[in-house]
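Report on one structure; see the data block that follows.
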Amino acid sequence: MSNQNPEQIARDNIDRQLKACCWVIQNKTRINLNEGIGVAVREYQTDVGPADYVLFVDGKPVGVVEAKREEAGHKLAVHEDQAEDYAAAKLKYLNNEKLPFVYVSTGEVTSFTDFRDPKPRARNVFSFHRPKTIQDWLKKPKSLRTSLLDLNELPTEGLRDCQINAINNLEKSLKAGKPRALIQMATGSGKTYTAITSIYRLLKYTNAKKILFLVDTKNLGEQAEQEFMSYLPNDDNRKFTELYGVHRLKSRYIPDDNHVYISTIQRLYAILKGQDLDESAEEVNPNEKWQPKEVPPVEYNEKLPIEYFDFIVIDECHRSIYNLWMQVLDYFDAFQVGLTATPDTRTFAYFQQNVVSEYSHEMAVADGVNVGYDVYIIETRVTQKGATLWKGAYVEHRDRLTRKKRYEQQDEDETYTAQQLDKDVVNPNQIRIVIKTFKEHLPEIFTNRYDKEGNFEVPKTLIFAKTDSHANDIIQIVREEFNEENRFCKKITYLANEDPKSVLAQFRNDYHPRIAVTVDMIATGTDVKPLECLLFMRDVKSRNYFEQMKGRGTRVIDYDDLKKVSPSAKLAKDHFVIVDAIGVTKSLKTDSRPLEKKPGVPLKDLLGAIAVGARDEDLFTSLANRLTRLDKQITEKEKKAFEEKAGGKTISEVVKNLLNAYNPDTVEGIEQKVRNEKSGEAPAEIDRVINAELEKLRNDAAKVFTGELNEYIENVRKAHEQKIDMLNPDEVVHAGWDKDNKEKAHAMVNAFKEWIEGHKDEIIALQIFYGQPFRRRELTFKMIKELVEKIVMDKPAIAPLYVWRAYEQLENVSGQPKNEMVALVSLIRRVAGIDDALTPYEKTVDRNFQQWLFKKQAGTLKFTKEQMEWLYMLKEQIATSVHVDSEDLDYTPFDAKGGRGKMWQLFGDEMENIINELNEALAA
């Protein structure tokens, strides 16, 4: 085998794949077409020469395989015409028509073209299709892609405009043969319902036989299963599951008699790998778990061939379809449809920029599909700065799991940061002051929520905790501070004693619990419509995850249904409130900021401003939000009166016009139109016309607000008014901080510089930084740790991470430090003039490591692969701990690779020199 040429190797690989797909391989001299359903004959003669393989199904020729050497994998398209020529040729002894199925393959990469398609287009496939599949295809008069043209006009009864738009655009995309499509719809706008409607139509009107609904958690799979079971088409009086089989995969067994399969991506990966999967592995989305550097590849599975699914609908597609998991999708020869409320750049790239629906949170709020939110801030000293455990004090120690207590005297002062709070150190008083403040201010946040006896009713509230232990502390303190029984506040996490599904159902449908505490189980993808308040007691770094968490509050619920769960409600849910007790709204910039940007301005003043010609964006968005709320509060008769006074426009139409006046797409469209029409004219003239068009757009949106309509809005509003404090503490404080932040940042940086300068002669670590470059190899983990502790103890306000954030406001800082110690190293390098800009230490180490490697290997020395692995481990150790000693080799991560002895075996007498060189070179 070793002396085979590349063509022979490719054909052996092709033979292996064909056999795995149930094809019988035969030579042209020994043909027996009755040996199986599918026979692949090598070197079959045609009138244009021998084809590498001719495929026969039921004794009839159906396709060809053009074999190419592996090196040709990057240019298979070049060989498509040659393969098509063989398919169009006359086979020896036969008077055949053009063969419809054409493969071009290297044995590693395979492309496939179905010439029955409306516009035959090659696509890459993981392997070959089975003979049985081709047999089934040929029994039908049309290919799957041709049958997509049979999708008729969508019946729109019971569908929202955003759902109609998504389905119609998706079907246009499918008819055009685009393999991937992205549906972006705001949380709560009915993504799953939209997807099921599309799936129903594909099964009813096209040749689609099996469709996969792919999720990344068991919880989402169960929800999807329930939605399929309850779905009733608008053109049939039978439920979906009465018409089509739906099966959620719970093991390696895949029944073949269903139409829709629901599975987590991790279970499907396990099936393709021939492995069992415990259900606990489906509780958390795999994107939050450790990912291997080396991706174990999937292999062909005859029980689950590549054509098993015709379509794959991917829920929460921004999350878990990348890295290791992407190959699950690459395996199947199927259309892919992504669903998400929060796409990121990876999502757009993966779905090839084919966004068939863009429906944002703001649009959903304007349409009444979602509700907007306001932000209320609770800040405490310990939450922001941490605290100190003083030497000599007796400190309670508590086991995280058993919660068993013991007391121990503190032998040194220990300062903990805000980041350590509720992880390393629990401060019950910090939790208590947050909960107490929350309780005291609830009547201010939700006014007029009193029952007939005058008792305040707590709106349904979800608290996001940092950990399960933190959740337990919160629950105890909530019950105490609200003076309530157990059922008032419950935990909904996978580690809860009660069945989390049962508690979730109670939270959704019953009066109790009023407050639920979770870590991540209902952070995403769970529908709790009566939820009116989100209390964040944990920070979130991911914009997408934060958006998903906020999405728990956006769901709309009408007055009657809300009143069943919250009897004191006076109106339908028209907004929700984020209570930020951790700084989450300040630590992230989110796309769906509060729609209302002038929360403290009376509606009367907004109407007055627009009536006299004010046209700024904040005014338009704030007024749009107020009108959206008004639309939920007034009667149908009053809506009719509004329409008459608004020149025939409904409230929803007026709101859309207001938002459209500053919609970036609309503005860009106008600019492009004018530039095309005025091509060649002076730029000043083009700008003048653009400004005139934009002014007309905004005036048209505002012209309905006459004195008569404004007076009507004011009067009708008073009869239904629920007074809500619209002063958004986050916004007001943030506006103040924005103005003062640069000054405060300068002051903090200067204070840090003064402290460093004042101590550079007395602290060894600082002496090293200000000394000769080679001395930096003397820096140790202990030195830097002690320096961090001294700074925090001496002047907590200039703790490294605070100073880092100050620098971020003063200069362009690319990246974040891995920990407080390496943050300090980077800061000192910046202050000491070693670096011109603040740079995460790991980047400095990476750069210096590459330079060191280049110099070391410039001569005859070449490190082996195993030596390189050790050098990279040493580099990572220095990047996170500043320094590495030979003693460190006895600990993680080196011990798992053989420790000190293994490094000595690899480097011999040079081991210590290598370590010393790296310590010096990487700190340069």
Side-chain angles (χ1 to χ4, degrees), residues 14 17-26 28 31-42 44 46 51-66 80 83-105 110-151 174-175 177 179 202-211 256-257 259 300 302-311 332-335:
I14 292 170
Q17 291 186 15
L18 285 168
K19 288 175 183 175
C21 299
C22 302
W23 291 90
V24 178
I25 312 295
Q26 296 179 351
K28 63 180 180 180
I31 296 175
N32 178 5
L33 299 182
N34 297 314
E35 192 174 339
I37 297 174
V39 175
V41 180
R42 299 189 189 101
Y44 195 102
T46 76
D52 292 329
Y53 298 83
V54 173
L55 303 178
F56 292 79
V57 170
D58 290 335
K60 297 177 181 177
V62 296
V64 298
V65 179
E66 176 66 12
E80 287 168 1
E84 186 179 352
D85 288 342
Y86 285 123
K90 296 295 183 184
L91 303 181
K92 189 174 183 180
Y93 308 122
L94 299 173
N95 185 25
N96 57 287
E97 299 292 328
K98 181 176 180 178
L99 307 184
F101 306 116
V102 175
Y103 298 88
V104 181
S105 180
T110 302
S111 74
F112 167 70
T113 306
D114 184 345
F115 281 91
R116 303 171 307 148
D117 290 342
K119 292 185 178 180
R121 185 184 306 153
R123 61 182 185 268
N124 281 357
V125 290
F126 186 89
S127 186
F128 298 92
H129 303 96
R130 295 175 305 171
K132 180 69 170 64
T133 301
I134 291 180
Q135 184 185 56
D136 292 340
W137 286 351
L138 291 172
K139 289 177 182 177
K140 296 180 178 178
K142 299 176 181 178
S143 70
L144 172 63
R145 283 160 176 74
T146 304
S147 74
L148 291 171
L149 302 176
D150 296 336
L151 284 165
L174 295 175
K175 289 176 181 178
L202 289 169
L203 290 171
K204 182 172 182 177
Y205 295 110
T206 77
N207 287 350
K209 292 176 63 179
K210 288 181 170 62
I211 296 176
D256 198 47
D257 56 351
H259 301 88
Y300 186 84
E302 63 181 13
K303 294 180 180 178
L304 198 62
I306 64 168
E307 67 270 21
Y308 197 81
F309 303 114
D310 298 307
F311 294 86
F332 293 104
D333 179 26
F335 286 96

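Looking at Phe335 and Asp310, their side chains never come closer than 4.5 Å, going by heavy atoms from C-beta outward. Between Tyr300 and Pro305, the closest side-chain pair of non-hydrogen atoms falls below 4.5 Å. Counting heavy atoms from C-beta on, the side chains of Tyr86 and Glu66 come closer than 4.5 Å. At least one side-chain heavy atom of Leu91 sits under 4.5 Å from a side-chain heavy atom of Val54. Asp52 is not listed as a side-chain neighbour of Val64, based on a closest heavy-atom distance of 4.5 Å or more. Within the 4.5 Å cutoff, side-chain heavy atoms of Ile31 are placed close to those of Val41. You'll find the side chain of Asn124 stays beyond 4.5 Å of the side chain of Phe112, heavy atoms only.
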Determine whether Leu151 and Lys175 satisfy the following criterion, side-chain contact (heavy atoms from CB on, under 4.5 Å), listing intermediate values before the conclusion.
CA-CA 9 Å; Leu151 284 165; Lys175 289 176 181 178; 3.8 Å; yes
Given Gln135 and Asp58, is the side-chain hydrogen bond (donor to acceptor under 3.5 Å, both in side chains) satisfied, shown in steps?
CA-CA 8 Å; Gln135 184 185 56; Asp58 290 335; 2.8 Å; yes
Given Tyr44 and Phe56, is the ring pair (Phe, Tyr, Trp, His ring centres under 6.0 Å) satisfied, shown in steps?
CA-CA 11 Å; Tyr44 195 102; Phe56 292 79; 5.8 Å; yes
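Scanning for salt bridge (Lys or Arg N to Asp or Glu O under 4.0 Å) contacts around Glu80 gives an empty result, with sequence neighbours left out. Taking the salt bridge (Lys or Arg N to Asp or Glu O under 4.0 Å) definition, one finds that Lys90 meets it with nothing, sequence neighbours left out. With sequence neighbours excluded, no residue satisfies salt bridge (Lys or Arg N to Asp or Glu O under 4.0 Å) with Asp257. In this structure Asp114 satisfies the salt bridge (Lys or Arg N to Asp or Glu O under 4.0 Å) test together with Arg116, sequence neighbours excluded.
The main-chain N or O of Lys119 is never found under 3.5 Å from a side-chain atom of Asp117 such that the two would form a donor-acceptor pair. In this structure, the side chain of Thr206 engages the main chain of Leu202 through a donor-acceptor pair within 3.5 Å. Under the 3.5 Å distance criterion, the side-chain polar atoms of Gln26 are matched with a main-chain donor or acceptor of Asn32. Arg145 places no side-chain N or O within donor-acceptor distance of the main-chain N or O of Pro118, the cut-off being under 3.5 Å. The backbone N or O of Asn207 lies less than 3.5 Å from a partner atom in the side chain of Ser147, making a donor-acceptor pair.
Rounded to the nearest 0.5 angstrom, Thr113 OG1 and Arg121 CZ are separated by 10.5 Å. The distance from atom CD1 of Ile14 to atom CZ of Arg42, rounded to the nearest 0.5 Å, is 10.5 Å. Note that SG of Cys21 and CD1 of Ile134 are 10.0 Å apart. Values are rounded to the nearest 0.5 Å. Of the inter-residue distances, the one linking Gln17 atom CD with Thr110 atom OG1 reads 5.0 Å to the nearest 0.5 angstrom.
Every pair passing salt bridge (charged side-chain N to carboxylate O under 4.0 Å, His left out) that includes a residue from residues 123-137 is listed here, sequence neighbours excluded: Arg123-Asp333, Arg130-Glu307, Lys132-Asp136, Asp136-Lys209. For residues 93-102, the salt bridge (charged side-chain N to carboxylate O under 4.0 Å, His left out) pairs, not counting sequence neighbours, are Glu84-Lys98.
Scanning both residues, Leu94 and Pro61, for their nearest heavy atoms gives CD1-CG, 4.1 Å. Between Asn96 and Ala89, the shortest heavy-atom contact is ND2-O, 3.1 Å. Smallest separation of non-hydrogen atoms from Glu302 and Ala20: CB-O, 4.2 Å. Contact between Tyr205 and Asp150 at its shortest, heavy atoms only, is O-CB, 3.8 Å. For Val57 against Pro131, the heavy-atom pair with the smallest separation is CG1-O, 4.1 Å. Across every non-hydrogen atom of Ile306 and Ser127, the tightest pair is CD1-O, 3.2 Å.
By the 30° and 60° cut-offs, the orientation of the rings of Phe101 relative to Trp137 is tilted.
By the 6.0 Å contact criterion, NZ on Lys140 is enclosed, its count of non-hydrogen atoms from other residues, nucleotides or ligands being greater than 12.
A distance below 6.0 Å separates the ring centres of Phe128 and Tyr103. Not less than 6.0 angstrom separates the ring centroid of Tyr53 from the ring centroid of Trp23.
When each of Val39, Val24, Ile25 is paired with Leu18, the side chain to side chain contact (heavy atoms under 4.5 Å, CB included) condition holds for Ile25 and for no other.
Cation-pi geometry between Lys210 and Tyr308 is satisfied (NZ or CZ under 6.0 Å from the ring centre, within 45° of the ring normal).
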